[in-house]
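Only a predicted model underlies this, so the values are computations on that prediction, with no experimental measurement involved.
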Amino acid sequence: MGSIRERLADALAGAVRAIGVDSELPDLELGRAKATERGEYASSAGMKLARVLKQAPQQIASRLAETIVVPEGAATVEAVGGYINFRLTPQWLQRLVTQVIAAGPSYGSDDIGHGERLQVEFASINPTGPMHIGHGRGAILGDSICRVLEFTGHDVQREYYVNSDNTQTRRFGASVYARLHGKEPPEGGYVGDYVTEIAEMARHDLPGIEQLLEEEAEPKLRMYAMQKIVEQIKATVARLNIRYDEWFWENMVWESGLGQQALNRLREAGYLKEKDGALWFGDPADVEEEDRVVIRSNGQPTYFASDLGYLLSRFEVRGFKRVIEVWASDHHGYVPRMKAAAAALGIDPAKLVIILHQMVNLKEGAARSAPTKMSKRAGRFVMLDELIDRVGSDPVRYFYLLRSPDTTIEFDLELAVTQSNENPVYYAQYAHARLANVEATAAEKHPRLPEQADVSLLVESWELDVARQLAFWPEVVEDAVRLLEPHRIPYYVQDLATAVHRFYHAGNEKGEHRVVVDDPNLTRARLELCRAARHTLKTALDLMGVSAPDRM
RNA sequence: GCCCCGCUAGCUCAGUGGAUAGAGCAUCUGCCUUCUAAGCAGAGGGUCGGGGGUUCGAAUCCCUCGCGGGGCACCA
């Protein structure tokens with residue numbers, strides 16, 4: 001059924017046809033009105049059509065306002081200048097409350113995906129160290145994107161790609177080997193304390209490992225250490241309410257033969273060539289993009305070669321219609337290469353959607369003016385677990401989700417801890433808890449309330465304001481899923497919570513405006529509004545992976 | 001040098017080419033005997049980085065310059 005915004009837009013388009021516009025319609029820009037005096041929605045259709053119709057904007061707007069048939073009598077229409085303003089009617093808002101209750105947790109969940117089978121791969125960090133606060137951003141963003149997609153009728157598989165076969169993991173293995181023998185990690189190795197800890201665990205879990213030569217011991221230590229790290233990553237993401245369906249190990253690409261299969265296909269299609277003893281990928285038709293090594297001169301495949309087989313695994317073996325990858329922006333240069341690789345393999349590059357988010361830099365030391373890049377290798381980072389320990393999962397998720405992926409975050413741990421009490425997550429959760437509490441109070445004072453709510457009793461401005469916010473929820477979901485931008489949700493939650501707090505507060509000002517009053521019918525009507533608002537708050541918080549407590 | 005992202009209130013940030021640019025925090029002023037004050041009401045605070053351009057209309061699109069972040073490997 002879609003949002004009321006969408007339905008008004010359809011009605012407007014119909015009216016434009018009815019007044020005789022046959023050509024392709026320009027964007028009529030129906031969107032939220034900025035000032036409430038103008039209603040909830042406005043379109044600049046008068047200006048947009050002035051040229052086509054060769055009439056004054058005001059005249060066109062007036063004709064459209066007279067012609068338009070608004071669905072369900074949802075809004076009154078007014079032409080002002082060349083604008084057309086839509087004001088949602090109290091009657092429609094009242095009925096909406098009932099509809100929200102009837103829809104339950106699915107309110108706002110339009111079936112946009114029609115069961116589209118897709119994969120979201122996110123936060124696939126190298127298994128060479130624990131997650132730090134930078135990784136938390138991609139993990140939380142990816143998880144919320146999954147939640148929004150699932151909510152709107154997509155069949156989502158959540159995947160973590162474990163990069164297990166590469167130079168970095170070999171360096172990691174060598175670092176563990178060095179620590180096992182009480183030595184410093186080699187040049188370019190990993191120096192964090194956790195490396196020593198893993199070496200000590202290995203000493204206990206892998207009897208005799210110390211006696212082996214490095215070339216024998218390193219692969220064993222590497223695999224052992226990676227498994228330890230993956231276990232740790234699993235535990236960390238679980239604390240943040242993040243779920244994965246599959247942990248896909250890179251070595252499977254080669255063990256299943258998909259890596260070779262991808263290379264063979266590219267060779268036959270003319271995308272591979274030998275140079276300097278290595279094997280290179282390049283599109284003969286594209287001189288802009290540089291050639292890339294797939295097999296090194298020492299015979300080892302690069303991560304790029306693994307990615308080729310990995311593409312086949314996902315699009316052909318497992319049959320995903322679309323794959324969404326969430327990457328930190330330091331990988332952005334890799335996007336054209338992946339798209340080119342997909343195209344060369346015969347996969348539509350448009351089906352490979354890559355979402356980039358900007359970095360999280362660490363502000364450290366007394367001089368907070370100098371952000372420092374986090375580095376696992378150098379052991380310079382704030383672990384995600386520490387952040388969760390100190391402020392809790394809900395504020396962490398809310399903190400990250402509030403920011404558009406395009407904004408660089410400069411993270412200050414001390415500031416994050418001191419400000420955690422002011423985290424807006426509590427404002428939203430408090431609104432939920434207040435509603436839950438008032439519903440419980442109503443049940444105590446009125447054990448036998450009418451079954452049906454007479455929503456026409458909801459006439460106060462603060463009551464209709466809550467209903468108005470409920471009307472906006474479906475379009476927030478539409479935008480979040482269309483743009484794959486979950487940060488729209490916490491901003492909506494803030495608005496809905498504000499309406500709820502004002503509604504609640506009206507009862508503090510005057511006893512007769514409380515939810516629980518002597519009149520059972522009025523109580524019942526207001527209770528309906530409470531439930532509708534609470535359910536919508538809970539649904540929105542769920543999409544953020546944030547809890548909705550009944551008590552605070 | 002080339003590519004990507006950002007620059008909006010004191011701070012952190014929203015903002016589908018439309019009307020008077022918003023929120024949170026911070027500052028200041030009021031409001032709890034009551035369904036939860038983790039709340040509500042109000043005030044101050046802006047050359048939307050600079051300059052051009054397109055448009056009836058630009059924070060939003062284009063060009064250009066500046067500043068900050070990130071890339072440009074036989075690392076991932």
Atom [atom1], compared across [N] and [M]: separation rounded to whole Å:
N	M	atom1	value
B:C25	B:A38	P	14 Å
B:U60	B:C7	C1'	14 Å
B:C13	B:G70	P	15 Å
B:U12	B:A58	C1'	26 Å
B:A21	B:A43	P	16 Å
B:A9	B:C48	C1'	10 Å

- [ ] Just name whichever nucleotide pairs with B:A73, Watson-Crick or G-U, keeping both distances under 3.5 Å, else none.
- [x]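 Partner of B:A73: none found under 3.5 Å.
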Is any side-chain N or O of [X] under 3.5 Å from a base N or O of [N], one able to act as donor and the other as acceptor?
X	N	value
A:S329	B:C5	no
A:E422	B:C25	no
A:N85	B:A19	yes

Task: Basic-acidic side-chain contact under 4.0 Å: A:E40, A:R5 - done: no
Open item on the list: I'd like to know if A:E187 pairs up with A:R171 as an ion pair, taking the criterion as any Lys NZ or Arg NE/NH1/NH2 lying under 4.0 Å from an Asp or Glu carboxylate oxygen.
Closed with: no
Open item on the list: Base, sugar-phosphate or nothing for A:R551? Non-hydrogen atoms, less than 4.0 Å.
Closed with: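 Base contact.
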Open item on the list: If you take the centroid of each ring, where Trp contributes its six-membered ring, are A:Y427 and A:H501 closer together than 6.0 Å?
Closed with: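 Ring centroids of A:H501 and A:Y427 are less than 6.0 Å from each other.
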- [ ] Among B:C35, B:A19, B:C5, find the nucleotide with the atom closest to the side chain of A:Y504.
- [x]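 The answer is B:C35.
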- [ ] Look at the side chain of A:V515 and decide which nucleotide, out of B:C74, B:C35, B:G69, has an atom nearest to it.
- [x]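 Comparing B:C74, B:C35, B:G69 against the side chain of A:V515, the answer is B:C35.
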TODO: Using the six-membered ring of A:F304, assess whether NZ or CZ of A:R337 lies under 6.0 Å from its centre and within 45 degrees of the ring axis.
DONE: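 Flagged: A:R337 positioned over aromatic ring of A:F304.
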TODO: Kindly write out the residues that satisfy ring-ring contact (aromatic ring centres under 6.0 Å, His included) with A:F122, not counting sequence neighbours, or none if the list is empty.
DONE: A:Y244
Task: Of residues 474-486 of chain A, the positions that come close to RNA chain B - non-hydrogen atoms, cut-off under 4.0 Å - done: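 Nucleic-acid contacts, sorted: none.
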TODO: Report yes if the ring of A:Y83 lies under 5.5 Å from the six-membered base ring of B:A19 with planes under 30°, and no otherwise.
DONE: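 Per 5.5 Å and 30° rule: yes, stacked.
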Task: Stepwise salt bridge (charged side-chain N to carboxylate O under 4.0 Å, His left out) check, A:D479 with A:R482 - done: CA-CA 5 Å; A:D479 290 345; A:R482 179 173 52 87; 3.0 Å; yes
